[in-house]
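We use all heavy atoms of the structure for the numbers below, so side chains are in, but hydrogens, waters and symmetry mates are not. Both ligands and their constituent atoms are indexed starting at 1 by order of listing.
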Amino acid sequence: MPSRTFDLDRAHVFHSWSAQAKITPIVLTDARGSRVWDEDGNEYLDFSSQLVYTNLGHAHPRIVQAIKDQADRLCTVAPQYANEHRSEAARLISARAPEGMSKVFFTNGGADANEHAIRMARLHTGRPKVLAAYRSYHGGTQTAINLTGDPRRWPSDTGSAGVVHFFGPFLYRSEFHAVTEEEECERALAHLRRTLEAEGPSTIAAIVLETIPGTAGIMIPPAGYLPGVRELCDRYGIVLVLDEVMAGFGRAGAWFALDHFGVRPDLITFAKGVNSGYVPLGGVILSNAVAETFAHQPYPGGLTYSGHPLATAAAVATLEAMAAEGTIENAARLGEDVLGPGLRRIAEDHPSVGDIRGIGVFWAVELVIDRNTREPMTSQGTLDVVAACKELGMLPFTNANRVHLVPPCNLSDADAATGLSILDKALSVSDRLTRG
Ligand code: PLP
């Protein structure tokens, strides 16, 4: 018997990325830690972190209290005023960024962070074009969807956004006929260099990359790739933008995923995990050089809710809780000792698993029909695995032929083991579809 909430949703709510008549959303009524409950009392382990953002899990008491306290004191402040938690959040966020990046521009989420990063890069360089990877997702607004490489761009792409796409490194499905990470790295950099040369380096304002592409497949770049991109940017005076919206704030077992690669971008975009998504928040961290461009001439952009006190109070509480609770270390340890080894064991037992890859609490299971040819699993086959996970009490994230395990950074070892064993059982569904 459908509930009133469900009926009203179907009558009045227009959902993201969906054919409206074809969806049956689960009605969630409660959430705590790594678990959520639906209106029928079914319990699920949330291995999706919703949309990969509840990095401290649900209903974390310290964040909830900070929001309540802020609401009692000063519920909203316009951006032209200074405010305690906005100031403190900016200090804490920039303190986690590489040296020489000390200013933060706050937005409402990840897409608008990328919109503003591109605007800043264009104004800073005086150049029009931007390069971005085909295997990427950067958000749903106009510039951000045009930066995005995956096919969700197509309906919004009129070819006029000033974005040129290229292939980043990904050895499992190499575009460069590479057989080692070193070859993949070298050839992907050569391809990027040739793209720059052919486009005209003096026309290019920015190269935008997810530090670790997330939705497009959690593809950890080879060690030398991002430093190589940095070098190309330096050679041609191009702004390097690293999108840490999904990979940042603990997801990759580090404050920022870029910490793994020893690279300093010019702009970092963030959102999601910065406050576990309890109140919408995103932003751009600026290098001092880019910030200087707007020191004496106005930055032509802004948002009514830039640095909203409820959102920034939640960010301060999140960052303090992460430091106090050893959340980053826990995420790194889970990846190394629990999720990585567990998934590798699962891969051995299931012919439909073509590849597993990840770091921290950021893992992709790539499903295939045939391990030798690497032919991707059908979308129905992948959706059936996801449905089996749900049936067994675990919510994964999914995209294309992949199941992503992206639980909160403070997941317990026991919950990690339960999630892995549910996936292990659910994969029997895709195993039946394999050949070869
Ligand atoms: N960039 C990356 C890497 C993302 O994963 C996302 C969202 O998933 C975005 C940008 C867009 O963020 P938002 O949905 O908050 O606009």
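Judged by the 6.0 Å and 45° rule, R152 forms a cation-pi pair with W17.
Ion pairing between D234 and R230 holds under the 4.0 Å rule for side-chain N and carboxylate O.
Interatomic distance, CG of N108 versus OG of S306, reported as 8.0 Å (0.5 Å rounding).
Between F256 and F249, the gap from one ring centroid to the other is short of 6.0 Å.
Using the six-membered ring where Trp is involved, F270 and F106 have ring planes that are perpendicular, over 60° apart on the 30 and 60° scheme.
With R32 contributing its side chain and A59 its backbone, the two residues share no donor-acceptor pair below 3.5 Å.
Residue-level contacts of ligand 1 at the 4.0 Å heavy-atom threshold are G109, G110, A111, N114, Y137, H138, G139, E210, D243, V245, M246, K272.
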